Amino acid sequence: MTHAPIIIAAGGTGGHFFPAIALGEELHQRGYPLILMTDQRRNRAEQSIFALYPRYTLTSSGVAGKKPLDKLKAISRLLWSCLGARKLIAICRPAAVIGFGGYPSIPPLLGSRLLCRNRPALIIHEGNAILGQANVVLSRFANAIATSYPRVMRLPVGKKVIQTGMPVRPAIEALADEPYSPPTLHTNEDPIHLLIWGGSLGAQIFSTVVPQALCNLPQYVRIRLHVTQQAHEDMVPVLTNLYKQVGITAHVTPFIDDVASELKKAHLVIGRAGGSSVAELATAGRPSIMVPLPIAASDEQGVNAQTMERAGGGWMIRQRDFKSEKLCDMLLHLFEHPDELKHAAHAARTLQHRHAAKKLADLVEATLKR
Ligand SMILES: CC(=O)N[C@H]1[C@@H](OP(=O)(O)OP(=O)(O)OC[C@H]2O[C@@H](n3ccc(=O)[nH]c3=O)[C@H](O)[C@@H]2O)O[C@H](CO)[C@@H](O)[C@@H]1O
């Protein structure tokens with residue numbers, strides 16, 4: 001039987017895009033033709049499973065927190081994109097449109113619901129512990145809402161809500177049973193692996209506070225450290241030299257391609273608390289120090305980090321309190337108390353949700369049969 005196509009719409013940052021790809025792979029295996037609608041940041045993507053509509057670029061500009069004139073411009077761009085999306089939907093007549101959040105997911109879902117005669121099924125996925133701005137708008141029209149977390153703030157009443165979990169890349173899903181052994185400072189000389197990442201777009205703060213903290217650790221700790229750090233291109237040579245000078249083994253790069261291998265090695269992760277990063281920490285069972293992005297529209301990263309901290313899987317520090325002296329003390333304390341790291345690694349797994357891509361694809365198929 002030939003299926004009608006399915007449109008997957010997602011903002012172009014890793015947190016929205018990687019789960020969209022994971023679902024795409026699953027639906028592709030089930031025989032669905034797929035169309036990916038994303039923004040300029042990802043327009044060259046995944047040609048093998050997605051027939052990317054060649055001239056279609058979604059708006060990526062947010063609306064929240066803007067000055068009135070800029071807000072008006074952003075809203076007009078969104079509405080213009082809705083018209084563009086409607087044209088595409090009229091041509092390819094999809095059976096369903098699935099949104100992964102971010103403003104670029106609004107035009108295809110809203111366009112198909114308000115402007116098209118053949119109305120495809122609408123499903124949204126929320127990757128954070130609070131419904132994001134775009135999903136707040138779209139949830140009113142959705143036939144089903146899939147969530148990563150068991151409890152999600154701002155969900156509308158009376159809608160079909162199912163926790164499918166956050167789809168993660170297969171190599172990360174394969175870490176679901178990976179054991180964790182904490183580093184021991186005084187009984188062996190093995191490396192202590194630290195992973196430092198800043199979300200899909202990096203974060204400047206980790207290039208200042210973290211190196212200062214690591215340089216202030218005692219020498220017997222520094223020589224054991226193996227650091228993998230994501231940093232802005234300009235900072236790569238600066239941090240590489242700094243770490244070398246103080247005897248820290250480090251690999252500094254603008255983007256970590258093989259996140260799975262890094263998580264597998266990591267004794268501790270320092271980073272933001274975006275939906276995908278937290279889901280990956282839970283899958284791999286790795287303890288973390290989380291510094292939520294302070295400018296995130298709904299403080300979704302703060303809510304994600306709090307959820308992980310309450311589960312016992314890590315420690316949240318607000319950016320205003322993220323200082324090198326504090327981080328240095330905290331790292332030394334954790335390395336001296338490996339049981340705390342071990343406990344956090346186990347606790348992180350309580351938020352693990354396996355086979356999310358499969359569960360989400362099941363939900364899509366169930367909604368098609370509605
Ligand atoms: C799912 C989701 O809603 N994510 C949030 C996140 O998106 P954002 O995309 O910034 O961050 P996430 O933590 O959600 O995702 C980051 C993704 O990039 C990957 N990665 C990161 C660094 C690297 O070097 N290599 C790499 O592959 C991570 O493994 C992860 O899969 O921040 C936004 C603010 O800007 C929030 O508003 C979003 O709500």
Side-chain angles (χ1 to χ4, degrees), residues 10-20 41 60 62-65 100-105 124-136 147-155 165-168 172 195-210 229-232 255-256 259 263 268-284 286-323 326-327 330 344 347-348 350-353 356:
T13 68
H16 297 126
F17 187 76
F18 291 135
R41 292 169 290 184
S60 64
V63 175
F100 275 88
Y103 282 98
S105 69
I124 55 172
H125 179 273
E126 178 52 62
N128 298 287
I130 177 169
L131 209 61
Q133 303 279 3
N135 278 346
V136 166
T147 67
S148 288
Y149 287 86
R151 266 190 295 277
V152 175
M153 290 157 68
R154 297 209 297 209
L155 278 176
M166 171 67 100
V168 297
I172 298 174
L195 168 61
I196 299 138
W197 60 6
S200 57
L201 306 174
Q204 185 63 22
I205 183 111
F206 298 114
S207 295
T208 51
V209 174
V210 176
Q229 179 159 359
Q230 179 202 13
H232 191 272
F255 193 75
I256 302 159
V259 164
L263 281 173
L268 179 65
V269 180
I270 303 173
R272 294 289 189 203
S276 281
S277 301
V278 175
E280 289 163 3
L281 291 165
T283 301
R286 292 299 181 258
S288 60
I289 296 174
M290 294 158 288
V291 186
L293 184 71
I295 54 157
S298 325
D299 190 31
E300 62 271 10
Q301 297 206 0
V303 186
N304 296 344
Q306 258 163 14
T307 307
M308 181 57 104
E309 188 177 60
R310 282 189 191 137
W315 302 269
M316 174 173 86
I317 307 180
R318 287 290 180 182
Q319 184 154 317
R320 59 178 174 272
D321 303 321
F322 189 58
K323 301 281 185 279
K326 180 177 175 141
L327 180 63
M330 197 168 171
T350 59
L351 292 185
Q352 185 193 75
H353 206 101

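Sequential numbering from 1 along the given sequence is applied to the chain's residues. In this text the structure is predicted, and so the values were computed from the model without any measurement.
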For Leu195 and Arg286, run side chain to side chain contact (heavy atoms under 4.5 Å, CB included): C-alpha distance rounded to whole Å, both residues' side-chain angles, the deciding distance at 0.1 Å, then the answer. CA-CA 10 Å; Leu195 168 61; Arg286 292 299 181 258; over 6 Å; no
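The structure places CG of Leu263 at 9.0 Å from CD1 of Ile256, a figure rounded to the nearest 0.5 Å. A distance of 7.5 Å separates CD1 of Ile172 from OG1 of Thr283, quoted to the nearest 0.5 Å. Note that CZ of Phe255 and NE2 of His232 are 14.0 Å apart. Values are rounded to the nearest 0.5 Å. Here the CG-CD1 distance, from Leu268 to Ile196, works out to 8.5 Å after rounding to the nearest 0.5 Å. The CD atom of Gln352 sits 12.0 Å away from the CG atom of Leu281 when rounded to the nearest 0.5 Å. Note that the NZ atom of Lys326 and the CD1 atom of Ile317 stand 5.5 Å from one another [nearest 0.5 Å].
Across all their heavy atoms, Ala344 and Pro287 have their closest contact at CB-CB, 3.7 Å. Between Pro19 and Gly14, the closest heavy-atom pair is CD-O, 3.6 Å. Nearest approach of Ala10 to Phe100, heavy atoms of both residues: CB-CB, 3.8 Å. Residues Gly274 and Asn304 share a closest heavy-atom pair of C-ND2, 3.8 Å. Contact between Ala134 and Ser105 at its shortest, heavy atoms only, is CB-OG, 4.3 Å.
Contact check for Glu126 versus Leu155: no side-chain heavy atoms found under the 4.5 Å cut-off. Using a 4.5 Å cut-off on side-chain heavy atoms (C-beta onward), Arg272 and Ser277 make no contact. Contact check for Ile205 versus Val210: no side-chain heavy atoms found under the 4.5 Å cut-off. Inter-residue side-chain proximity for Arg154 and Ser298 is flagged as met; some heavy-atom pair is nearer than 4.5 Å. At least one side-chain heavy atom of Val278 sits under 4.5 Å from a side-chain heavy atom of Tyr149. Using a 4.5 Å cut-off on side-chain heavy atoms (C-beta onward), Val303 and Asn128 make no contact. Between His125 and Met166 the shortest side-chain heavy-atom distance falls below 4.5 Å.
Note: Phe322 and Phe206 have perpendicular aromatic rings, judged against thresholds of 30 and 60 degrees for the angle between ring planes.
Counting only distance, with no hydrogens or angles, the side chain of Glu309 and the backbone of Met316 share a donor-acceptor pair below 3.5 Å. A donor-acceptor distance shorter than 3.5 angstrom exists from the side chain of Gln230 to the backbone of Gly198, with no hydrogens or angles considered. With hydrogens and angles disregarded, a donor-acceptor distance shorter than 3.5 Å links the side chain of Gln301 to the backbone of Ala273.
With Val291 as the fixed residue, the side chain to side chain contact (heavy atoms under 4.5 Å, CB included) test singles out one of Gln319, Arg320, Arg318: Gln319.
Taking Ala231 as the reference, Ser207, Met235, Leu239, Val252 meet the side chain to side chain contact (heavy atoms under 4.5 Å, CB included) condition, with sequence neighbours excluded.
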